[in-house]
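First listed ligand is number 1; within each ligand, the first listed atom is number 1.
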Amino acid sequence: MTTSQPYALLITGGCGFIGSNFVRYWLDRHPTSRIVVYDKLTYAGRRENLLDLWSHSNLSLVVGDISDQAMVRQTCLAHGIDMIVNFAAETHVDVSILGPLVFTDTNVRGTHVLLEVARELGMRLHHISTDEVYGHIPDGHQSVETDSLAPRSPYAASKAAADQLVQAYAITYGLPVTITRGANNVGPYQYPEKAVPLFSTNALLGEPIPVYGDGLQMRDYAHVFDHCTGIETVLLHGQMGEVYNVGTGREMTNLEMVDIVLDTLGADHMLVRHVADRPGHDRRYSMNVDKLCGLGWAPQFDPKHAVAEAVKWYEDNRWWWEPIRRGVFREYYDRQYADRLAGREEQ
Ligand code: NAD
Ligand code: DAU
């Protein structure tokens with residue numbers, strides 16, 4: 001699915017996990033495209049995620065906040081941008097429980113600012129959303145794109161609000177927009193606050209694996225590569241104003257995921273600790289992905305394969321995560337896990 005169409009893309013959040021994987025993927029498949037990464041470089045935004053690509057003549061970085069309307073506008077004009085792809089967000093549910101307001105600032109107001117700039121300059125906007133906007137999904141159902149949104153955490157609520165603003169701009173102003181709602185992604189360069197890189201790096205360090213509650217919550221662990229091809233499919237073939245789910249359509253429990261992590265590393269299963277649950281923990285996400293498959297897309301990784309591949313990347317790339325784990329991450333880790341692991345929080 002290569003195209004010679006020379007898009008000039010503003011990739012917001014392009015130094016984060018999925019954004020950097022997408023930049024890498026897109027430049028490989030569309031080498032004549034120009035990409036401007038626009039990123040605030042929060043703790044999750046890391047220049048080293050694109051270390052080998054910064055010398056690429058079609059890639060540049062602007063350090064800025066998506067809530068800064070003047071700067072977004074000036075960047076789009078200066079670089080002749082014709083499409084914004086919005087990955088920028090605060091993304092961790094546990095962080096949103098500890099300190100929710102920044103989630104509204106970036107995920108809601110920031111997305112709103114991007115919509116305003118797109119409207120003023122006549123640009124298309126593609127927005128990266130999440131399966132969490134559908135809320136907890138009962139057994140036997142898979143979310144389809146027309147389901148109503150029922151978010152249950154501050155993070156999910158901020159993403160749902162952004163989704164609805166994007167759809168409102170399509171309806172009210174006829175702005176050319178598309179939305180993808182992704183399942184739990186795994187793969188290279190995922191900040192180790194998220195379960196798969198946290199459990200992998202803890203196992204590699206010989207530290208306990210903190211499983212929330214009974215560990216029977218269900219997630220669709222999709223490989224970030226499949227998310228990138230799904231976004232590409234929508235950028236090239238999606239219908240304006242439409243929403244597309246991106247996942248594998250298959251879930252596993254967190255305990256099954258933990259088994260894959262530990263078995264891939266040959267680590268001891270005695271490292272597993274059941275700790276106090278996440279408040280409001282969604283029990284199950286599950287999406288129907290037929291609409292995107294109808295555009296000719298199909299995932300290449302099943303969830304087991306995706307998790308195992310991701311774990312191997314952390315095993316082989318200590319250069320990337322060891323400095324993170326030694327830095328400010330430690331402070332967050334202690335706040336989130338010290339009481340849980342010491343059994344001082346109720347299970
Ligand atoms: P991430 O936390 O790894 O990266 C987020 C990036 O956004 C970082 O580079 C950060 O510096 C940047 N950023 C944050 N606030 C900003 C601001 N105000 N202005 C500019 N840049 C800012 O996130 P991720 O996991 O790569 O997620 C990317 C997108 O995909 C998010 O919108 C997220 O909601 C969505 N999503 C993630 C998953 C997942 O499993 N990780 C699944 C579905 C959807
Ligand atoms: O579903 C898409 C979403 O996936 C994205 O929108 C979010 O940005 C992303 O963070 C992710 O959210 P989750 O909350 O599902 O992912 P997380 O990796 O935090 O947790 C995965 C599961 O593992 C979840 O059921 C909670 C559990 N968990 C997580 C952590 C960090 C634990 O049991 N222990 C932990 O320490």
Side-chain angles (χ1 to χ4, degrees), residues 11-22 37-47 49-50 62-68 71-72 85-97 102-103 105-107 109-111 113-114 127-134 151 153 155-156 158-159 162-163 180-187 189-199 202 208-222 224 227 230-231 245-247 251 253-255 257-258 272-278 281-287 333 336-337 340-341:
I11 306 289
T12 65
C15 288
F17 162 48
I18 305 173
S20 63
N21 275 281
F22 182 78
V37 168
Y38 184 94
D39 199 298
K40 188 178 171 184
L41 297 181
T42 67
Y43 71 93
R46 314 200 63 89
R47 288 177 205 259
N49 291 4
L50 291 167
V62 174
V63 179
D65 190 325
I66 58 167
S67 301
D68 183 341
M71 185 153 176
V72 173
V85 186
N86 181 30
F87 292 89
E90 290 291 336
T91 61
H92 192 40
V93 173
D94 294 324
V95 174
S96 85
I97 294 167
V102 67
F103 285 73
D105 297 339
T106 288
N107 300 1
R109 188 169 189 285
T111 303
V113 164
L114 297 179
H127 179 68
I128 311 299
S129 182
T130 166
D131 60 2
E132 299 210 10
V133 299
Y134 296 118
S153 72
Y155 162 70
S158 69
K159 293 296 290 185
D163 250 46
T180 41
R181 294 189 181 136
N184 282 63
N185 276 211
V186 294
Y189 306 107
Q190 185 170 32
Y191 195 79
E193 64 193 350
K194 308 288 173 19
V196 169
L198 179 77
F199 294 173
N202 273 18
I209 309 294
V211 172
Y212 294 154
D214 61 11
L216 296 178
Q217 306 83 5
M218 304 200 79
R219 296 290 186 269
D220 173 355
Y221 290 102
V224 66
H227 196 179
I231 295 165
N245 292 339
V246 191
E251 312 95 62
T253 65
N254 286 332
L255 288 179
M257 176 268 281
V258 169
V272 173
R273 302 273 190 289
H274 286 268
V275 299
D277 209 346
R278 170 186 282 175
H281 197 167
D282 286 334
R283 199 77 182 156
R284 175 172 177 263
Y285 301 136
S286 180
M287 291 191 296
Y333 188 82
Q336 180 65 17
Y337 296 104
R340 280 188 162 86
L341 286 168

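Between the side chains of Tyr221 and Glu251, no donor N or O sits under 3.5 Å from an acceptor N or O. Side-chain contact of Glu90 with Thr106: a donor-acceptor pair under 3.5 Å is absent, judged by distance alone. A side-chain donor from one of Tyr134 and Arg181 sits under 3.5 Å from a side-chain acceptor of the other. Side-chain contact annotation: Asp94 with Tyr212, donor-acceptor N/O pair under 3.5 Å present. Side-chain atoms of Tyr333 and Asn202 include a donor-acceptor pair closer than 3.5 Å.
Between the side chain of Thr253 and the main chain of Leu216, no donor-acceptor pair closer than 3.5 Å is present. At least one donor-acceptor pair closer than 3.5 Å links the side chain of Ser67 to the backbone N or O of Asp105. Judged by distance alone, with hydrogens and angles left aside, the side-chain atoms of Arg340 form no donor-acceptor pair with the main-chain N or O of Val211 at under 3.5 Å. Side chain of Tyr337 to backbone of Pro210: no donor-acceptor contact under 3.5 angstrom is found. Between the side chain of Asn49 and the main chain of Gly45, no donor-acceptor pair closer than 3.5 Å is present.
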Worked verdict on Tyr191 versus Phe17 for ring-ring contact (aromatic ring centres under 6.0 Å, His included): CA-CA 7 Å; Tyr191 195 79; Phe17 162 48; over 10 Å; no
Evaluation steps, side-chain hydrogen bond (donor to acceptor under 3.5 Å, both in side chains), between Glu132 and Tyr285: CA-CA 7 Å; Glu132 299 210 10; Tyr285 301 136; 3.2 Å; yes
Intermediate values then yes/no, side-chain contact (heavy atoms from CB on, under 4.5 Å), Phe199 and Val272: CA-CA 9 Å; Phe199 294 173; Val272 173; over 6 Å; no
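For atom 3 (C) of ligand 2, the nearest protein heavy atom (residue, atom name, distance) is Glu132 OE2, 3.1 Å. Regarding atom 24 (C) of ligand 2, its nearest protein heavy-atom neighbour is His281 NE2, 3.4 Å. What sits closest to atom 11 (C) of ligand 2 on the protein, heavy atoms only, is Asn184 ND2, 3.5 Å. In terms of protein heavy-atom proximity, atom 33 (O) of ligand 2 is nearest to Tyr212 N, 2.8 Å. Atom 2 (C) of ligand 2 has Asp131 OD1, 3.1 Å as its closest protein atom, hydrogens excluded (heavy atom only). Looking only at protein heavy atoms, the nearest one to atom 36 (O) of ligand 2 is Tyr337 OH, 2.6 Å. The protein heavy-atom contact nearest to atom 34 (N) of ligand 2 is Pro210 O, 2.8 Å. The protein atom (non-hydrogen) at minimum distance from atom 20 (O) of ligand 2 is Ala195 CB, 3.8 Å.
In this structure, Tyr134 does not count as a contact residue of ligand 2, since none of its heavy atoms falls inside 4.0 Å of the ligand.
Residue contacts with ligand 2, taken as heavy atom pairs separated by less than 4.0 Å, involve Val93 solely via side-chain atoms from C-beta onward. Neither the backbone nor the side chain of Gln336 has any atom closer than 4.0 Å to an atom of ligand 2 (non-hydrogen atoms only). Residue contacts with ligand 2, taken as heavy atom pairs separated by less than 4.0 Å, do not involve Tyr333 at all. Heavy atoms of Lys194 found under 4.0 angstrom from ligand 2 belong to the backbone as well as the side chain. At a 4.0 Å heavy-atom cut-off, ligand 2 touches Arg278 through the side chain alone. Counting heavy atoms under 4.0 Å from ligand 2, residue Val196 does not touch it at all. When heavy-atom distances to ligand 2 are checked against a 4.0 Å cut-off, Glu193 comes that close only through its backbone atoms N, CA, C and O. Residue-level proximity to ligand 2 for Thr91 is carried by backbone and side chain together, each with a heavy atom below 4.0 angstrom.
Numbered from 1 in the order shown, with element, the atoms of ligand 2 that lie under 4.0 Å from a heavy atom of Leu198 read 36 (O). Heavy-atom contacts of Phe199 reach the following atoms of ligand 2: 32 (C), 34 (N), 35 (C), 36 (O) (cutoff under 4.0 Å). Those atoms of ligand 2 that come under 4.0 Å of a heavy atom in Tyr155, given as number and element, are 5 (C), 6 (O), 7 (C), 8 (O). Atoms of ligand 2 lying under 4.0 Å from any heavy atom of His92, numbered from 1 in the order shown and given with element: 19 (O). Ligand-side atoms of ligand 2 in range of Val211: 33 (O), range being under 4.0 angstrom from any heavy atom.
Between Thr130 and ligand 2, at least one N/O pair is under 3.5 Å apart. Any N or O atom pair closer than 3.5 Å counts here, and Asn254 shares at least one such pair with ligand 2.
Partner of Arg219 under the side chain to side chain contact (heavy atoms under 4.5 Å, CB included) criterion, chosen from Asn184, Val196, Val186: Asn184.
With sequence neighbours excluded, the residues forming a side chain to side chain contact (heavy atoms under 4.5 Å, CB included) with Ala89 are Thr91, Asn107, Lys159, listed by chain and number.
For Arg109, the CZ atom is loosely surrounded, since the number of other residues' heavy atoms within 6.0 Å does not exceed 12. Within 6.0 Å of the CZ atom in Arg47, the count of heavy atoms belonging to other residues, nucleotides or ligands does not exceed 12.
The structure places CD of Gln217 at 10.0 Å from CG of Asp282, a figure rounded to the nearest 0.5 Å.
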Between ligand 1 and the protein, give all atom pairs where both partners are nitrogen or oxygen and the distance is under 3.5 Å, as lines of names plus distance to 0.1 Å.
residue: ligand 1; atom: 2 (O); partner: Thr91; partner atom: OG1; Å: 2.7
residue: ligand 1; atom: 3 (O); partner: Phe17; partner atom: N; Å: 3.0
residue: ligand 1; atom: 9 (O); partner: Gly16; partner atom: N; Å: 2.9
residue: ligand 1; atom: 9 (O); partner: Asp39; partner atom: OD1; Å: 3.3
residue: ligand 1; atom: 9 (O); partner: Asp39; partner atom: OD2; Å: 2.5
residue: ligand 1; atom: 11 (O); partner: Asp39; partner atom: OD1; Å: 2.6
residue: ligand 1; atom: 11 (O); partner: Leu41; partner atom: N; Å: 3.4
residue: ligand 1; atom: 11 (O); partner: Thr42; partner atom: N; Å: 3.0
residue: ligand 1; atom: 11 (O); partner: Thr42; partner atom: OG1; Å: 3.1
residue: ligand 1; atom: 18 (N); partner: Asp65; partner atom: OD1; Å: 2.9
residue: ligand 1; atom: 18 (N); partner: Thr106; partner atom: OG1; Å: 3.0
residue: ligand 1; atom: 19 (N); partner: Ile66; partner atom: N; Å: 2.9
residue: ligand 1; atom: 21 (N); partner: Lys40; partner atom: N; Å: 3.1
residue: ligand 1; atom: 26 (O); partner: Phe17; partner atom: N; Å: 3.3
residue: ligand 1; atom: 26 (O); partner: Ile18; partner atom: N; Å: 2.7
residue: ligand 1; atom: 32 (O); partner: Phe87; partner atom: O; Å: 3.2
residue: ligand 1; atom: 32 (O); partner: Lys159; partner atom: NZ; Å: 2.7
residue: ligand 1; atom: 34 (O); partner: Tyr155; partner atom: OH; Å: 2.7
residue: ligand 1; atom: 34 (O); partner: Lys159; partner atom: NZ; Å: 3.0
residue: ligand 1; atom: 40 (O); partner: Asn185; partner atom: N; Å: 2.8

